[in-house]
Every structure is written in C-alpha cells, then in structure tokens.
Amino acid sequence: MSTQSSALPPVASVKALLANEHAQGSDVLVQGWVRTRRDSKAGFSFVHLNDGSCLNNIQLVADQALPNYQNEILKLTSGSSIQCVGTVVESKGKGQSVEIQVKTIEVMGLVEDPDTYPIQPKQHSYEFLRSVAHLRPRTNTFGAVTRIRHAAAQAIHRFFDEQGYCWVNTPIITASDAEGAGQLFRVSTLDLANLPKTDSGHIDFAQDFFGQETFLTVSGQLNVEAFCLAMSKVYTFGPTFRAENSNTSRHLAEFWMVEPEVAFADLNDLAHLAEQFLKSVFSDVLTHCAEDMAFFADRIEPEAITRLEKVIESPFIRMDYGEAIKILEASGQKFEYPVSWGTDLQTEHERFLTEVHCKAPVVVVNYPDAIKAFYMRLNDDNETVAAMDVLAPGIGEIIGGSQREERLDVLQKRMAHHGLDAETYRWFLDLRRYGTVPHAGFGLGFERLLNYITGLGNIRDVIPYPRTPKSAPF
RNA sequence: UCCCCGGUAGCUCAGCUGGUUAGAGCGGGUGACUGUUAAUCACUAGGUCGUUGGUUCGAGUCCGACCCGGGGAGCCA
C-alpha cells in the first residue's frame with residue numbers, strides 16, 4: 001500500500017470500514033479487487049470491493065458524472081484492481097450499513113480478458129480452483145481459509161508462549177532419517193547426469209555439498225529433544241517433507257507440523273497438554289475468526305462451529321489401546337480389516353471409535369510395542385509403549401505422540417531391535433547419557449487441524465500451494 | 001502403490017441402448033430495466049467432446065493404451 005501520496009486520505013481496510021471504525025462523512029482511500037459490478041441506468045454503478053481483510057466486501061457507489069465512468073468504471077469486471085477515494089456514508093440500500101460514495105476511482109489493473117478470468121462470483125469446484133492456485137485466494141472460501149490458517153498459527157504460538165514454551169527452529173536439511181521409516185527427499189548439488197563414484201562403485205557423497213548424504217526433514221522431533229533437555233518446554237512449528245506416494249485427501253508431500261516436547265513429563269501430562277492445546281486453539285479461532293467460521297458453517301460444514309464448541313466444552317475421552325480393541329471387537333461391526341490385540345488401528349476402526357462410539361475426539365494410549373517407533377518409552381508390561389494418538393471425527397489421526405524412552409540401555413536395545421545404526425544416533429543417545437530425564441512430546445499436522453476447523457474435506461485446500469505426488473505447479 | 005469414478009464452451013453440468021447442424025445455466029459482449037445485493041429480462045459470441053490407436057456405413061457415446069483429476073485404501077501428521 002505504498003501508492004498513497006500526501007494528497008490522499010488515509011487507507012481504510014474493508015474490515016475497518018464494515019466495523020464502523022471510520023466515521024460517516026469522513027473521506028477514505030480503499031484499495032482492492034473488484035468482486036462484482038452492477039450498473040443502474042439511473043446513472044451510477046455499484047462496485048463490490050474486497051481487499052482480503054475480511055470476508056465481506058465494501059460497496060462503492062460510482063456516479064456517471066465521474067470523468068472515467070464510461071471508459072473505465074463500466075469496464076470493471078471481476079478481478080480488476082482499483083483504488084478509490086470516497087466518503088463513508090450510510091447505505092441507502094439493504095445488505096450493508098455503510099458504503100463509499102466515490103469521488104475518484106483509479107484503475108490499477110483491468111482484467112485483460114474477462115471472458116477467461118477463472119474466478120467468477122459463483123460456486124467453483126475445488127478441483128478447478130487447485131488448478132488456479134495463484135488466483136484462488138480471491139475467492140471467499142480461500143480468503144477465509146487463509147485468514148483462519150493465520151489465526152490458528154498465531155493461536156498456537158500464543159498458547160505455547162503463555163505456557164512458557166520456547167519455539168525452536170529445527171533444521172529443514174538433515175542427515176538422519178529421523179524415524180527409520182518413511183521416504184525422504186534427497187538434498188544434493190551433485191550433477192545427476194554425471195555422478196561421482198567411489199572406488200567401490202557407489203555414489204561418492206563426500207563430494208556432495210555437505211560431504212555426506214542429506215535429506216529434507218521428516219520431523220524435527222529428534223533435534224528438538226536436545227533443546228527440551230535444556231529448555232524444559234519447547235516446540236517446533238515448520239515445514240516437513242515426506243516422499244511417500246500417498247494419494248489421499250489427508251496427505252501432502254510438504255506440510256507443516258507442530259511438535260511440542262516437554263521435560264519431566266509423562267504420557268498423562270502429554271495427553272493433558274494435547275487436550276488443553278486443541279481447546280485453546282479452537283477457542284481462539286472461534287473468537288478471532290467468527291465471521292469466517294460462520295461462512296464455513298453456512299457453506300461447507302453445518303457443524304463447523306458447534307463441533308468445535310463441543311470439543312472445547314467436553315473432556316476428551318481417553319482409552320487404552322486394549323480397551324479400544326475390546327470396544328471394536330464387541331461392536332458387532334463388520335470391518336474390512338479384522339481387529340485383534342497387536343494390530344494397528346485402521347482408518348475404519350478410528351472412524352468407528354470417534355464417529356460412532358464416542359462421537360468426539362478420542363485419545364488412545366499405550367499401543368503395542370511392535371507397531372510403534374523406537375524412541376517411544378517401553379511400559380512396565382514390556383509389551384506396550386507409552387504412545388498416544390488423538391483421533392478426531394472426520395479426520396482421523398490429528399496428533400500422534402509419546403513419552404520418550406529416556407533409559408539408555410532400554411533405548412539401545414530398542415534401536416538394535418529396529419535395526420538402527422547406533423553411531424548415526426550417537427548424539428541422540430548422548431542425551432540419555434548426560435542428565436537424562438523423562439520427557440514426552442507429540443506431533444500435530446497443522447493442515448489436518450485446519451481441515452477439522454474449517455470442515456473442508458481435502459488437505460490440498462487448506463495450504464496455499466499443495467505439493468502432492470506428480471503435482472507441484474506454481 | 002492398489003481399488004473405484006471421472007475428463008464435453010471461461011466455469012458448473014446434461015447428452016438415454018452409437019445415427020444428421022453437440023445443449024443449458026452461470027460468466028463475457030450488446031441492449032432494456034432497476035438503490036442494486038451471485039439483480040432481472042432479451043439478443044449474441046464461444047466447443048479438435050483429455051490424448052492416441054481400434055471396432056463400425058457412422059463414435060461425445062463402444063473397446064485398448066496412455067495422460068490428468070477426484071473418491072476410498074495403505075503409509076502417516
């Protein structure tokens with residue numbers, strides 16, 4: 001907004017105008033993009049302008065006496081950019097309290113070919129909008145998503161800050177495969193057409209940029225544990241990369257993850273934290289984005305607001321993995337995948353627990369050792385680990401976490417059992433050698449959280465530029 | 001990666017068991033009308049029916065291959 005000269009009145013956001021923060025009778029400068037234009041042959045046009053500051057538009061009333069009325073204003077179509085100087089006045093029409101009586105409209109950019117401008121004032125399919133990801137922020141839905149994404153991120157930082165957590169920026173480039181599972185994206189500056197080889201015929205990564213094999217991180221957890229065992233309460237919030245060939249509405253190759261890690265905490269503390277965290281973020285979003293949330297409730301998911309309120313009000317249901325298995329076995333449901341102790345919960349099982357049995361988020365704890373990661377703390381029964389999953393209706397696993405194995409000897413055994421190289425994880429083991437303490441942490445998929453908040457069904461619609469297998473346009 | 005479904009105008013879709021010049025709504029243009037609200041009405045322009053082989057007298061329609069998209073599953077957050 002640097003186009004303002006001293007001759008122009010102060011810039012007013014649409015949000016501030018509609019909130020009556022500018023007195024009627026005062027002159028303002030409004031800048032934004034045209035949503036619709038309707039002409040009255042009585043001699044003026046209505047231009048609805050949006051600047052992204054809020055869901056609604058400000059109505060500009062432009063009289064035909066304006067010098068550029070015929071050759072510019074009547075050519076404004078959806079998507080055109082303008083800045084307008086005018087007076088805030090009470091609206092004579094219905095549907096808005098105030099509007100702008102135009103003094104001047106300066107056209108910054110017309111839409112070159114209105115016939116092919118993709119964004120129209122109508123319902124578009126999400127698939128189509130993904131193909132115009134550079135223009136979809138101009139729709140009501142993606143404007144609302146963008147504001148809610150921002151508000152949720154702020155709410156997350158605020159929650160942790162108020163609880164005394166430090167935000168730690170763990171590296172995006174890593175040398176270790178954090179969990180011994182999952183496909184990684186390689187980071188390399190080697191010439192793919194002419195790879196250097198060692199004497200034994202393998203690729204010589206010593207000649208690569210970092211002098212060794214490197215990848216994009218799949219989790220900041222291992223790195224942040226080190227800071228946890230110094231700062232006590234820490235969290236990461238940043239991009240994460242998985243090269244899995246996952247083609248679902250719940251997976252991205254590049255997504256954002258929140259990972260708190262707490263020292264002197266056990267699984268119960270962690271489950272409590274997860275519950276407080278979700279409730280706080282939901283509550284924050286509901287108060288800060290009331291208008292956008294009302295839009296989602298109206299257009300996307302009727303329960304969008306009420307289900308968040310329900311989550312905020314009611315205690316999370318906590319159950320043992322063993323208990324969950326018993327409930328599923330006794331359910332009388334026909335599952336495609338049979339349920340028995342020792343198998344991982346399938347999507348259909350999670351859905352039954354959250355959507356049918358509990359009708360609320362469920363925290364499942366203490367999973368069998370065999371189906372969980374090496375760093376999770378072995379329980380005294382020697383067959384389960386102190387892991388937890390928070391399952392949300394309609395989304396599935398929204399949070400996955402555990403108490404970490406803090407005992408050096410037990411961790412070493414578990415790593416050997418998982419076939420991990422102790423040398424690679426030497427620094428991670430050091431943390432158990434030098435002043436180890438019980439600690440616990442979880443990972444939350446930020447986009448999955450946004451899916452749950454907005455009611456949008458596809459994860460590609462809550463991130464600005466989705467990256468999925470075979471797809472990284474824009 | 002597996003299983004389903006789909007690809008027709010700028011967008012959203014219709015097009016029945018293959019049959020002559022491929023339709024509608026919205027959007028665009030023109031005009032009428034109106035303090036309008038995704039305005040309304042009339043007229044108008046706009047399509048190599050995803051690509052490519054094949055079957056057929058004839059293919060948007062049937063078959064094969066490929067590409068792309070969606071839904072579900074696995075993997076997970």
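Below, chain A is the first sequence line, B the second, and so on; all start at residue 1. Reckoned from all heavy atoms, side chains included, excluding hydrogens, waters and symmetry mates.
Under the salt bridge (charged side-chain N to carboxylate O under 4.0 Å, His left out) criterion, Arg404(A) pairs with Glu225(A), Glu261(A), sequence neighbours left out. Take Tyr165(A) and apply the side chain to side chain donor-acceptor pair (under 3.5 Å) test, not counting sequence neighbours, and it matches no residue. Scanning for salt bridge (charged side-chain N to carboxylate O under 4.0 Å, His left out) contacts around Arg250(A) gives an empty result, with sequence neighbours left out. With sequence neighbours left out, Glu405(A) forms a salt bridge (charged side-chain N to carboxylate O under 4.0 Å, His left out) with Arg407(A). For Phe227(A), the side chain to side chain contact (heavy atoms under 4.5 Å, CB included) partners at least two apart in sequence or on another chain are Val168(A), Met231(A), Val234(A).
Nucleic acid contact class of Gln59(A) (heavy atoms, under 4.0 Å, all strands): base. Looking at heavy-atom distances under 4.0 Å, Ser40(A) makes contact with a base. Contacts of Glu254(A) with the nucleic acid, taken as non-hydrogen atoms under 4.0 Å apart, are absent. Note on Phe46(A): a base of the nucleic acid sits closer than 4.0 angstrom, heavy atoms only. Among the protein residues, Ile119(A) comes within range of no part of the nucleic acid, since none of its heavy atoms lies under 4.0 Å from any strand. Nucleic acid contact for Asn247(A): base, since at least one base atom lies under 4.0 Å from a heavy atom of the residue. Within 4.0 Å of Thr248(A), counting heavy atoms only, lies at least one base atom of the nucleic acid.
The stretch residues 276-284 of chain A does not touch RNA chain B, since none of its heavy atoms comes less than 4.0 Å from the strand. Listed by residue number, the members of residues 139-157 of chain A with any heavy atom below 4.0 angstrom from RNA chain B form an empty set.
Side-chain contact annotation: Ser45(A) with Tyr69(A), donor-acceptor N/O pair under 3.5 Å present.
One P atom belongs to G47(B), the other to G53(B), and the distance between them is 23 Å to the nearest Å.
Between Gln346(A) and A73(B), a side-chain N or O to OP1/OP2 separation shorter than 4.0 Å is absent. A sub-4.0 Å separation between OP1 or OP2 of G72(B) and a side-chain N or O of Arg250(A) is absent.
Residue pairs meeting the salt bridge (Lys or Arg N to Asp or Glu O under 4.0 Å) criterion with at least one partner in residues 91-104 of chain A, sequence neighbours excluded, are Asp27(A)-Lys103(A).
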Please table the atom pairs, donor to acceptor, closer than 3.5 Å between any side-chain atom in residues 13-24 of chain A and protein atoms at least two apart or in another chain.
{"unit_1": "Ser13(A)", "atom_1": "OG", "unit_2": "Ala16(A)", "atom_2": "N", "d": "3.0"}

Would you be so kind as to tabulate the donor-acceptor pairs closer than 3.5 Å made by side chains of residues 133-140 of chain A, with sequence neighbours excluded?
{"unit_1": "Arg136(A)", "atom_1": "NH1", "unit_2": "Arg460(A)", "atom_2": "O", "d": "3.4"}
{"unit_1": "Arg136(A)", "atom_1": "NH1", "unit_2": "Asp461(A)", "atom_2": "OD1", "d": "3.3"}
{"unit_1": "Arg136(A)", "atom_1": "NH2", "unit_2": "Arg460(A)", "atom_2": "O", "d": "3.2"}
{"unit_1": "Arg136(A)", "atom_1": "NH2", "unit_2": "Ile463(A)", "atom_2": "O", "d": "2.9"}
{"unit_1": "Arg136(A)", "atom_1": "NH2", "unit_2": "Pro464(A)", "atom_2": "O", "d": "3.0"}
{"unit_1": "Arg138(A)", "atom_1": "NH1", "unit_2": "Gly79(A)", "atom_2": "O", "d": "3.3"}
{"unit_1": "Arg138(A)", "atom_1": "NH1", "unit_2": "Tyr117(A)", "atom_2": "OH", "d": "3.1"}
{"unit_1": "Thr139(A)", "atom_1": "OG1", "unit_2": "Arg136(A)", "atom_2": "O", "d": "2.8"}
{"unit_1": "Thr139(A)", "atom_1": "OG1", "unit_2": "Phe142(A)", "atom_2": "N", "d": "3.2"}
{"unit_1": "Asn140(A)", "atom_1": "OD1", "unit_2": "Arg35(A)", "atom_2": "NH1", "d": "2.8"}

Please tabulate, for the side chains in residues 467-474 of chain A, all donor-acceptor contacts under 3.5 angstrom to protein atoms that are two or more places apart in sequence or on a different chain.
{"unit_1": "Arg467(A)", "atom_1": "NH1", "unit_2": "Pro473(A)", "atom_2": "O", "d": "2.9"}
{"unit_1": "Arg467(A)", "atom_1": "NH2", "unit_2": "Phe474(A)", "atom_2": "O", "d": "3.2"}

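Within 3.5 Å, no donor on the side chain of Ser246(A) pairs with an acceptor on the base of C76(B), nor the reverse.
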Provide a list of protein-nucleic acid N or O atom pairs under 3.5 angstrom, restricted to nucleotides 38-48 of chain B.
{"unit_1": "A38(B)", "atom_1": "N3", "unit_2": "Pro121(A)", "atom_2": "O", "d": "3.1"}
{"unit_1": "A39(B)", "atom_1": "OP2", "unit_2": "Arg38(A)", "atom_2": "NH1", "d": "2.2"}

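When each of G27(B), U36(B), G74(B) is scored by its nearest atom to the side-chain atoms of Thr347(A), the top-ranked nucleotide is G74(B).
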